[in-house]
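The structure appears below as C-alpha cells.
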Number of protein chains: 2
Amino acid sequence: MKRVTINDIAQICGTSKATVSYVINGRVSKVSPEMVRKVEEAIKATGYVPSLSAKSLAGKGSKLIGVIIPQMDVSKKMIFENPFYSEFISGIEYYLRNAGYSIVLRVVNSDNCFADMMMKWNLDGAVVFGIDNDKMLQILGSYKVPTLLIDSYITHKDFYKMNLRDEEASFMATNLLIQDGHEKIALVTGKIDKSVLLSKRLDGYKRALKENNIPFEERFIFQGDVTYEYGFSVSQKIVAQADITAVVATADILAFGIMNYLQLDGKKIPDDFSIIGFDDTYQAKIMYPKLTTVGQNISKRGEMAGEIILNIIHDSQKEKETLMSCEIIKRDTTKVLKSAE
Amino acid sequence: MKRVTINDIAQICGTSKATVSYVINGRVSKVSPEMVRKVEEAIKATGYVPSLSAKSLAGKGSKLIGVIIPQMDVSKKMIFENPFYSEFISGIEYYLRNAGYSIVLRVVNSDNCFADMMMKWNLDGAVVFGIDNDKMLQILGSYKVPTLLIDSYITHKDFYKMNLRDEEASFMATNLLIQDGHEKIALVTGKIDKSVLLSKRLDGYKRALKENNIPFEERFIFQGDVTYEYGFSVSQKIVAQADITAVVATADILAFGIMNYLQLDGKKIPDDFSIIGFDDTYQAKIMYPKLTTVGQNISKRGEMAGEIILNIIHDSQKEKETLMSCEIIKRDTTKVLKSAE
DNA sequence: TTGAAAGCGCTAACAC
DNA sequence: GTGTTAGCGCTTTCAA
C-alpha cells in the first residue's frame, strides 16, 4: 500500500497542499467550512497519516522526546534491573502519550552519543537521567534541544532540572530509625564520591545523627554498587558488626538484597534489624515483610517530567529547578528497638 | 548552533552533496581516497550528524523500531508494573542500540493507533506484544512495516512471531509439583477465554494431571487480572479450600501476591504451600523465599527479538515462527509434600 | 570520479 | 479563501 500523502488528499479534494495542510494543523479559519469538511472526509477515507519525518524536516516538531539513560559502565547492559527507571519512564510515557508524543528510549555509553541522539532524530526534547559529569553537560549544552535533567546535581544555571530533596529525605529516614531507639545505624549506599546525590543523602544521615547527639562513625558507612547483589553481599559485614541494629539503604534495590541475606541468615526483620529503603519502587510493597521506605512517587515524578519537558519545549516553564519532597512510607521493616521499648 | 548539513560538508570540501553522501554511506569505491579523507575530516571537525528525518524522507530507513504494547484497558496507565515488559524491552534496547537503532516506546489503546505509530514516524519495524485480536491484525497487516509479534497466538501465516512453548512449560511446572507429591494443585491465571496463551497453559496443566491420573477439578482454577493484587486477593479463596497444597501461577507477579498473602496469613512457604511462578522476572530471585518458577530468560528473548526484527527488515529471516523453550528454575518455594515424604 | 538536479512529504510566505 | 512555490536535508539517477 503506497503511502497516502498530502498531495493525494489535495488531489482528491481538488485543492492544494497548502489548504490541506491548514486543515490538518487546525488553522481552520483560513479555509472554507465546506473545504474543511471535504478534506477531513478524504483523510478519514484514505487513512492518511502525516509523516513526521517530513514535518520534522520542514522545521516543525518530530513529536519525539528522547529518554536518555547514561550508562558509562559498559558491562551492564540492562537498564531495567533498577525498577526505578521502569516506573519513572512509565510515567513519562503515559503523560507524553496523551500529548501525542512518543518516547525514544536510549542508553548511551559514551559522551558523544548525545549528539547522535539529539540530531539524528531531530528530537523535540530530551529527558536525561543522572548526569553529574561536566563533559556531558558541555556536550548537552551545545545542542539547542530542550532538555530536562533528572536527579542531576549540577550548579549550571542554564539547565532545567528535577531533583529530590535528598538531604531532607535521608534525614527523615535516619531520624525515623533514631526515634525508634536505634543509634547504631548503617548506611548502605552507592559510591558517594561519584555522586552528588548520594553525598546529599550522606549529609542527611549525618545531620540526623548530629541533631540527636549520636556520634558519626565511619565504620557504619558501606559503599558499593547500587544493586541487589551488593546489598546482599555487604550484609555479611553488617551482621559482623554486632552492634548495628538498623540500616538505611539509599535505594530499595539495596534494601532487598539486605533483607534477603538477613532472612536467609535466620535474622528476623524488623525484630533483629530495622531497614528503611529509598524510592518506594513497586516491589517495596510486594516484599515480605513489606519495605518501609522513603517514597518519591516515582511514576508521578515521571508524569511531571513529561509535563515539564513539554513546558520547556513550549517555552512556558518558569522554574529552572523543580524540587520534590519525599515522604516516609512506613510499612513493616522498621520497629521500635527492643531495648528501647 | 545551526545544524551542520551535508551541504556544509560539501562546501568545506569543495565538492558536492552527492560525493559526501557516498562517503557517509560507505560507498567509498566511488570516491577518490583523498576526497574520502577530506570529507571524513570535515565531518569530525564540524561534528556533523546526518538527519534521519531527511534520510527517512528520502526513502531510507529511520533507524527507529517501534515497541508497541497494546493496552485496551484504559484504566491502567503504567506499562511497567509487570516487570516482564521492562526486562524484555531492556533486551531489545540492548540489541538494537548496538545495531544503531533506537526504540520508540508506545502504549496503544485503540485499534487504529498502529497506523499512527507506523506511519507517523516511518518506523523501520515494529515489535508488538500480545495481540490475539483479529481487528488489530488486520490493521497491522495492511501496513507494510516489518513486524514481529511477541506472544501472540494467531494462525495467520503471514506474520512473524515469537512464542513460548506454553503448553509444555505449564506441563513441566505442574508436573514438578506432582512429582513432589502434590495432587490438589491450584492454577492461578489471567482470564483464559481472552488469551490463547493462557488457554495453552491451562492445557499443559490439564495434561500433567491427566498423565499422572489425577482428576481435573474446575474448583482449582482461579482466573482474574494478571496482577499482584489479584494474586493477593484470590489467596483467601485458595486457603479456604483446605485440601490445596500447591499452586501454579501463570505469572510471577501473581505468585508474589499469593506468597505475600500466605506469609501474612502465617503460612509457611514452601512447608504449607508449594508455589511455582512463570517468567522468572528479576524479582523472582530477590523474594524471600526465592521463587521457583518457569524461566523464559526474558532479557535474552528481548535480545533475540531485536535480532529477529532486524532480520525481517533485511529480508533474511527464514522462520516465520520462533518457538522458545522454558526451563524450570528450582528455588525455594516448592518442596516435597510432607504427607508424601 | 564527480556534480547537477529531481524528488521524498510537509510548511509557510506570498501572491492571487 | 486558495494556490504557488521555495525550501527543509538527504539519496540517487544521469550526465559530464
Side-chain angles (χ1 to χ4, degrees), chain A residues 1-39 42-43 46-64 115-116 118-124 144, chain B residues 1-39 42-43 46-64 115-116 118-124 144:
Chain A
M1 195 168 66
K2 223 187 139 300
R3 176 173 201 119
V4 180
T5 75
I6 198 173
N7 254 323
D8 300 329
I9 304 290
Q11 217 128 59
I12 292 173
C13 301
T15 182
S16 70
K17 298 195 295 183
T19 305
V20 177
S21 176
Y22 286 143
V23 346
I24 289 172
N25 294 292
R27 318 237 199 135
V28 189
S29 61
K30 312 196 77 174
V31 184
S32 71
E34 189 193 4
M35 197 71 240
V36 172
R37 202 188 41 69
K38 263 173 94 176
V39 169
I43 289 178
T46 54
Y48 164 73
V49 179
S51 155
L52 282 176
S53 299
K55 196 170 201 156
S56 149
L57 228 206
K60 311 309 285 184
S62 62
K63 296 286 182 187
L64 240 27
D116 270 45
M118 306 269 179
M119 305 308 279
K120 253 187 186 164
W121 286 287
N122 287 104
L123 300 183
D124 286 351
K144 285 279 177 289
Chain B
M1 194 167 68
K2 224 187 137 301
R3 176 172 203 122
V4 180
T5 74
I6 198 172
N7 254 323
D8 300 329
I9 304 290
Q11 217 128 59
I12 292 174
C13 301
T15 183
S16 70
K17 300 194 295 183
T19 307
V20 177
S21 176
Y22 287 145
V23 348
I24 289 172
N25 294 292
R27 317 229 197 147
V28 189
S29 60
K30 312 196 78 176
V31 184
S32 71
E34 190 192 4
M35 197 70 241
V36 172
R37 201 188 41 70
K38 265 173 92 174
V39 170
I43 289 177
T46 54
Y48 164 73
V49 179
S51 155
L52 282 175
S53 300
K55 196 170 202 158
S56 148
L57 228 206
K60 312 307 286 184
S62 62
K63 294 287 182 187
L64 240 26
D116 269 45
M118 306 270 179
M119 304 309 278
K120 253 189 185 161
W121 286 287
N122 288 105
L123 300 182
D124 286 351
K144 284 277 176 292

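In this text the structure is predicted, and so the values were computed from the model without any measurement. Naming convention: chains lettered A, B, ... in sequence-line order (proteins, then strands); numbering from 1 in each chain.
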Please list every donor-acceptor pair under 3.5 Å in which a side-chain atom of residues 24-32 of chain A meets a protein atom from a residue at least two apart or in another chain.
from	atom 1	to	atom 2	distance (Å)
Asn25(A)	ND2	Ser21(A)	O	2.8
Asn25(A)	ND2	Ser21(A)	OG	3.4
Ser32(A)	OG	Met35(A)	N	3.2

Legend entry - N/O (side chain, Lys17(B)) to phosphate O (OP1/OP2, dA4(C)) under 4.0 Å: no
Inset, instruction - May I ask you to verify if any side-chain N or O of Lys60(B) is less than 4.0 angstrom from the OP1 or OP2 atom of dT12(D)? - result: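 For dT12(D), OP1 or OP2 has a side-chain N or O of Lys60(B) closer than 4.0 Å.
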Heavy-atom closest pair, residues [X] and [Y]:
| X | Y | answer |
| --- | --- | --- |
| Lys17(A) | Ile6(A) | O-CD1, 3.7 Å |
| Asp124(A) | Lys63(A) | OD2-N, 2.6 Å |
| Ser16(B) | Ala10(B) | C-CB, 3.6 Å |

Whole-Å distance between [N] [atom2] and [X] [atom1]?
| X | N | atom1 | atom2 | result |
| --- | --- | --- | --- | --- |
| Lys120(B) | dC8(C) | NZ | P | 23 Å |
| Asp8(B) | dC8(D) | CG | C1' | 13 Å |
| Lys55(B) | dT12(D) | NZ | P | 9 Å |
| Asn122(A) | dT11(C) | CG | C1' | 15 Å |
| Met119(B) | dC8(C) | CE | P | 15 Å |
| Arg3(A) | dC8(C) | CZ | P | 13 Å |
| Ile9(B) | dT11(D) | CD1 | C1' | 16 Å |

Inset, instruction - Strictly below 4.0 Å, heavy-atom distances to any atom of DNA chain D: list the hits from residues 21-37 of chain B, or just say none. - result: Ser21(B), Tyr22(B), Asn25(B), Arg27(B)
Any chance you could measure [X], atom [atom1], to [Y], atom [atom2], to the nearest 0.5 Å?
| X | Y | atom1 | atom2 | value |
| --- | --- | --- | --- | --- |
| Asn122(B) | Arg3(A) | CG | CZ | 5.0 Å |
| Ser62(B) | Lys120(A) | OG | NZ | 11.5 Å |
| Lys55(A) | Leu57(B) | NZ | CG | 13.0 Å |
| Thr19(A) | Ile9(A) | OG1 | CD1 | 13.0 Å |

Inset, instruction - Return the nearest nucleotide to the side chain of Leu57(B); candidates are dC10(D), dT11(C), dG9(D). - result: dG9(D)
Inset, instruction - Can you figure out which of dT11(C), dG9(D), dG3(C) approaches the side chain of Ser16(B) most closely? - result: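 Comparing dT11(C), dG9(D), dG3(C) against the side chain of Ser16(B), the answer is dG3(C).
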Legend entry - Estimated bend of the helix from dT1(C)-dA16(D) to dC16(C)-dG1(D) (axis per five terminal pairs, rounded to 10 degrees):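 Result, rounded to 10 degrees: 40°.
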Inset, instruction - Identify whether any heavy atom of Gly14(A) sits under 4.0 Å from a base atom; if not, whether one sits that close to sugar-phosphate; answer base, sugar-phosphate or nothing. - result: sugar-phosphate
Inset, instruction - Identify, between Val4(B) and Thr19(A), the residue whose nearest nucleotide on DNA chain D lies closer to the 5' end. - result: Thr19(A)
Inset, instruction - Give the intermediate values and the outcome of side-chain contact (heavy atoms from CB on, under 4.5 Å) for residues Trp121(B) and Leu64(A). - result: CA-CA 9 Å; Trp121(B) 286 287; Leu64(A) 240 27; 3.0 Å; yes
